[in-house]
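What follows is one structure encoded as structure tokens, with my remarks underneath.
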There are 2 protein chains.
Amino acid sequence: MKWDTLEEEPCSLSRTVAVVGDRWTLLILRECFLRVRRFEAFQSSLQITRHLLSERLKKLVRFGILRRVPYSEAPKRYEYILTQKGLDLYPVIMAMVHWGDTHMGDERGRPLLHEHKSCGKQFDPVMVCSECGEPLHAKQVHVHAGPGRRGADAA
Amino acid sequence: MKWDTLEEEPCSLSRTVAVVGDRWTLLILRECFLRVRRFEAFQSSLQITRHLLSERLKKLVRFGILRRVPYSEAPKRYEYILTQKGLDLYPVIMAMVHWGDTHMGDERGRPLLHEHKSCGKQFDPVMVCSECGEPLHAKQVHVHAGPGRRGADAA
DNA sequence: TTTGACAGTTCTATTTTAGAACTATAGCCT
DNA sequence: AGGCTATAGTTCTAAAATAGAACTGTCAAA
């Protein structure tokens, strides 16, 4: 498959996967949510090659997930900050973290704990229905074609 | 990075990414949630090479996300069915779908609509705090090290 | 006995990624 | 002035993963 055309498929998952569906991009986003913003900081905490880091950051900027903001004029230096579009990826990251906590843990317990500032408690993320507020389960969901769907492939 | 060691890192995101953090795996899981179960069905709807499909299915079985269940004795044929561990990935997939709907849509509207059987309405997935029920936003969450964390890297 | 469906495996060519070295700008120290 | 360090990249080659196509094996139906 040509991954550049994936983002044009009539499937929202494909389009998302085209942008954030690779290992390094997801790990870079994790760092972003942990307030990492600079090239060297990403590089040293992830051990990603500088080449790939450079490329992934460019891609995230191109898709409007990160903004490249100057923080020094001489020499010109930039840092990478999540846009609203990027912040909106939080549920994706948290859903993955929670799955990892639940199914990939070891005897030592969770690597990270999350505290909700609003209520002060340690929490888990729960995905609910926007209409009735009940937790979502795959079997309770019926999928049907929407307006953005041509006949072709499953989406 | 050796991706085989990623699953042992003290970070739940890394561990999840090690298993489902590539393009094809995520697309295969989409098909699973759309009730696709057989090799030929995955292959023809995804246009994935048979080689990679075979490999990814094996990996998903190895990690306990899919079960390989015989549906014909002669000739021996199998289908791939989500386990509970696999079903638990639903929030990950739905979070990605929702982000795609929100940020990667085109003028034609959504490719797919989701109806919640429990309440009968078309819905969006919303991620909320398990303790107070409020929608989660990155800025309202404070992260701190848990018991499964050694000093080393960000997680 | 030939065709077709299904579930893979095997092969080569292309693309991506890893790993290391290199470039460029500028501040700071002596 | 000359050299060291910090930051943010780029460039190069080798190794690994993926694409694309062909092949294998089992069995049923025509």
Side-chain angles (χ1 to χ4, degrees), chain A residues 1-7 9 14 17-29 31-32 35-62 66-81 153-154, chain B residues 1-7 9 14 17-29 31-32 35-63 66-81 153:
Chain A
M1 182 179 285
K2 328 87 189 158
W3 293 109
D4 340 11
T5 67
L6 193 57
E7 69 198 75
E9 290 217 0
S14 294
V17 162
V19 185
V20 302
D22 74 284
R23 288 151 144 78
W24 283 126
T25 299
L26 289 164
L27 293 173
I28 289 169
L29 287 169
E31 296 300 304
C32 292
R35 275 79 174 171
V36 170
R37 308 174 150 207
R38 299 188 183 177
F39 192 93
E40 294 295 321
F42 286 111
Q43 204 279 319
S44 72
S45 83
L46 291 172
Q47 296 298 101
I48 184 178
T49 66
R50 311 176 72 76
H51 178 85
L52 273 199
L53 175 57
S54 172
E55 192 181 73
R56 291 292 193 275
L57 289 173
K58 272 183 199 144
K59 182 175 175 184
L60 288 168
V61 169
R62 182 155 44 83
L66 297 178
R67 252 176 322 132
R68 189 161 172 269
V69 180
Y71 72 90
S72 152
E73 281 307 320
K76 269 275 186 192
R77 297 210 190 295
Y78 299 88
E79 54 188 7
Y80 297 89
I81 299 184
D153 70 342
Chain B
M1 182 180 285
K2 328 88 189 158
W3 292 107
D4 342 12
T5 66
L6 193 58
E7 70 198 75
E9 291 218 359
S14 293
V17 161
V19 185
V20 301
D22 75 284
R23 287 150 144 80
W24 282 125
T25 299
L26 289 164
L27 293 174
I28 288 169
L29 287 169
E31 296 300 304
C32 292
R35 275 80 174 170
V36 170
R37 307 174 151 210
R38 298 187 182 178
F39 192 94
E40 294 295 320
F42 287 111
Q43 204 280 319
S44 71
S45 83
L46 291 173
Q47 296 299 103
I48 183 178
T49 67
R50 310 175 74 75
H51 178 84
L52 274 200
L53 176 57
S54 172
E55 193 181 72
R56 291 292 193 274
L57 290 173
K58 271 182 199 145
K59 182 175 176 185
L60 288 168
V61 169
R62 182 156 42 84
F63 278 105
L66 297 178
R67 251 177 322 133
R68 189 160 172 269
V69 180
Y71 71 90
S72 152
E73 281 306 319
K76 269 273 186 193
R77 296 209 193 296
Y78 299 89
E79 53 189 6
Y80 297 89
I81 300 185
D153 70 342

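Residue numbers begin at 1 in each chain, while the letters A, B, ... track the order of the sequences.
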Task: Any side-chain heavy-atom pair of A:Leu46 and A:Glu31 under 4.5 Å - done: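 With C-beta onward as the side chain, the pair touches.
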
Open item on the list: Just so I know, are the side chains of B:Leu27 and B:Ile48 near enough to count as touching, which here means a heavy-atom distance under 4.5 Å?
Closed with: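 No, every pair of side-chain atoms sits at 4.5 Å or beyond.
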
Without decimals, in angstroms, what is the distance between [X] [atom1] and [N] [atom2]?
X: B:Asp4; N: D:dA16; atom1: CG; atom2: P; answer: 11 Å
X: B:Glu55; N: D:dA19; atom1: CD; atom2: P; answer: 11 Å
X: B:Leu66; N: C:dA7; atom1: CG; atom2: P; answer: 14 Å
X: B:His51; N: C:dA7; atom1: NE2; atom2: P; answer: 18 Å
X: A:Tyr78; N: C:dA26; atom1: OH; atom2: C1'; answer: 15 Å
X: B:Leu52; N: C:dT15; atom1: CG; atom2: C1'; answer: 13 Å
X: A:Arg56; N: D:dT10; atom1: CZ; atom2: C1'; answer: 16 Å
X: B:Gln43; N: D:dA22; atom1: CD; atom2: C1'; answer: 13 Å

Open item on the list: By nearest heavy atom, map B:Arg68 and A:Asp22 onto DNA chain C; which one lands nearer the 5' end?
Closed with: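 Checking each residue's closest nucleotide, the 5'-ward one belongs to B:Arg68.
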
Task: Which residue lies more 5' along DNA chain C, comparing A:Arg50 with B:Leu57 via nearest heavy atoms - done: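 First, find each residue's nearest nucleotide; the 5'-ward one identifies B:Leu57.
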
Looking only at side-chain atoms of [X], point me to the closest of [options].
X: A:Thr49; options: C:dG19, C:dA26, D:dA8; value: C:dG19
X: B:Pro75; options: D:dT18, C:dA7, D:dT26; value: D:dT26
X: A:Trp24; options: C:dA26, C:dT17, C:dC6; value: C:dT17
X: B:Arg38; options: D:dT18, C:dA7, C:dA18; value: C:dA7
X: A:Phe39; options: D:dG9, C:dA7, C:dT17; value: D:dG9
X: A:Arg77; options: C:dC6, C:dG8, D:dA6; value: D:dA6

- [ ] Could you say whether A:Tyr80 or B:Lys76 is positioned toward the 5' end of DNA chain D, judged by the nucleotide with the nearest heavy atom to each?
- [x]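 First, find each residue's nearest nucleotide; the 5'-ward one identifies A:Tyr80.
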
Task: Minimum-distance pair of heavy atoms, taken over all atoms of B:Phe39 and B:Leu57 - done: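 Taking every non-hydrogen atom into account, CD1-CD1, 3.9 Å.
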
Task: B:Leu26 to B:Val20 - nearest heavy-atom pair and separation - done: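 Reported closest heavy-atom pair: CG-O, 3.2 Å.
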
Task: Donor-acceptor pair between B:Tyr80 and B:Arg37 side chains, under 3.5 angstrom - done: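 Looking only at side-chain atoms, B:Arg37 and B:Tyr80 do not form any donor-acceptor pair under 3.5 Å.
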
Short side-chain N/O contact to [N] OP1/OP2 from [X], under 4.0 Å:
X: A:Ser54; N: D:dT10; result: yes
X: A:Trp3; N: D:dT18; result: no
X: A:Lys58; N: D:dA8; result: no

Open item on the list: On the six-membered ring of B:Tyr71, is B:Arg38 placed so that its NZ or CZ lies under 6.0 angstrom from the centre and within 45° of the ring axis?
Closed with: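 Output yes; distance and angle both within limits.
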
TODO: For A:Arg23, answer base if it contacts any base atom (sugar-phosphate contacts may also be present), sugar-phosphate if it contacts only those atoms, and nothing otherwise; contact means non-hydrogen atoms under 4.0 Å.
DONE: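 Nothing: the residue A:Arg23, judged by heavy atoms under 4.0 Å, touches no strand.
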
Open item on the list: Classify B:Phe42 by what it touches in the nucleic acid, base, sugar-phosphate, or nothing, heavy-atom distance under 4.0 Å.
Closed with: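 Here B:Phe42 touches no strand at all.
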
